[in-house]
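Report on the following structure.
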Amino acid sequence: MSDENSLNAVELATELTIAWLGNQNNRVSAEDVPAFLRTMHATVTELAGGSSAPLEAAEDAASEQEFTPAVTVRKSLGSKDHIISMIDGKPYKTLKRHLSGHGLTPEQYRQRYNLRPDYPMVAENYSAARREMAHKIGLGSKGRQAKAAAVPTPAEKPKRTPRRPKSA
């Protein structure tokens, strides 16, 4: 009976993996498919009443997986016009959308590649151009106007009317 259960777990894990890969929104490289299938099989086996040891081993392996950057940190910040991604080695003006496509946040990206917390996510020249455009259209001026209005102006003295001489 355990052979029948394991066969069903393998078939079920295979079918689930095929269905997941068939979804056009899931982008996976060919090297990641066997690891995903193993994880899926461990999950199905655990849910069927088997031990949870294979799942824990798979989670430990995934958390200990070391990622090799495509470029060095120095090269990734080598140009003021773009930042080179450490995931694929391609230049981007901003990394946020690129990272979200890979299921990462900027914090996770920095942690994955051991980057400093102040590692930029936007190219320097792109940031300056956006800042200039924002100031040109008046964004941020409300704060300056509020500060100017808060500064007290010296009080003006009331004007005196000239005295009239008394008539006798």
Residues forming a side-chain contact (heavy atoms from CB on, under 4.5 Å) with [X], sequence neighbours excluded:
X	answer
N114	none
E15	none
D32	V28, S29

Heavy-atom closest contact (S76 atom, V71 atom, distance):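 Smallest heavy-atom distance, with atoms named: CB-CG2, 3.9 Å.
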
hydrophobic_cluster_shared for L21 and L37, side chain cutoff 4.5 Å: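 No, L37 and L21 fall in different hydrophobic clusters.
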
To the nearest 0.5 Å, tell me how far [X] [atom1] sits from [Y] [atom2].
X	Y	atom1	atom2	result
L77	I84	CG	CD1	9.0 Å
K90	S85	NZ	OG	9.5 Å
T68	I87	OG1	CD1	13.0 Å
T105	K96	OG1	NZ	9.5 Å

Y113: ring pair (Phe, Tyr, Trp, His ring centres under 6.0 Å) partners, not counting sequence neighbours: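 Checked Y113 against ring pair (Phe, Tyr, Trp, His ring centres under 6.0 Å); matches are Y109.
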
Sequence-distant partners of Y92, ring pair (Phe, Tyr, Trp, His ring centres under 6.0 Å), two or more places apart: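 Scan of Y92 (ring pair (Phe, Tyr, Trp, His ring centres under 6.0 Å), adjacent residues dropped) gives H98.
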
Q111 atom CD: more than 12 heavy-atom contacts under 6.0 Å: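 Open: at most 12 neighbouring heavy atoms sit under 6.0 Å from CD of Q111.
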
Check: M86 and L115 side chains under 4.5 Å, non-hydrogen atoms: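 In contact.
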
Any side-chain heavy-atom pair of V122 and L95 under 4.5 Å: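 Not touching, per the 4.5 Å side-chain cut-off.
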
side-chain hydrogen bond (donor to acceptor under 3.5 Å, both in side chains) involving R97 - partner list, sequence neighbours excluded: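 Not a single residue meets the side-chain hydrogen bond (donor to acceptor under 3.5 Å, both in side chains) criterion with R97.
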
V44, T43, T39, T45 screened by side chain to side chain contact (heavy atoms under 4.5 Å, CB included) with H41, the one that passes: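 Considering V44, T43, T39, T45, a side chain to side chain contact (heavy atoms under 4.5 Å, CB included) with H41 is found only for T45.
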
Residue pairs, two or more places apart or on separate chains, that pass ring-ring contact (aromatic ring centres under 6.0 Å, His included) and touch residues 11-36: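 Residue pairs passing ring-ring contact (aromatic ring centres under 6.0 Å, His included), neighbours aside: W20-F36.
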
Pairs touching residues 98-122 that satisfy salt bridge (charged side-chain N to carboxylate O under 4.0 Å, His left out), sequence neighbours left out: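 Non-adjacent pairs meeting salt bridge (charged side-chain N to carboxylate O under 4.0 Å, His left out): R116-D118.
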
Output a table of donor-acceptor pairs, distance under 3.5 Å, between side-chain atoms of residues 123-134 and any protein atom two or more places apart or on a different chain; print 'none' if there are none.
{"from": "N125", "atom 1": "ND2", "to": "D81", "atom 2": "OD1", "distance (Å)": "2.5"}
{"from": "Y126", "atom 1": "OH", "to": "R130", "atom 2": "NH1", "distance (Å)": "3.0"}

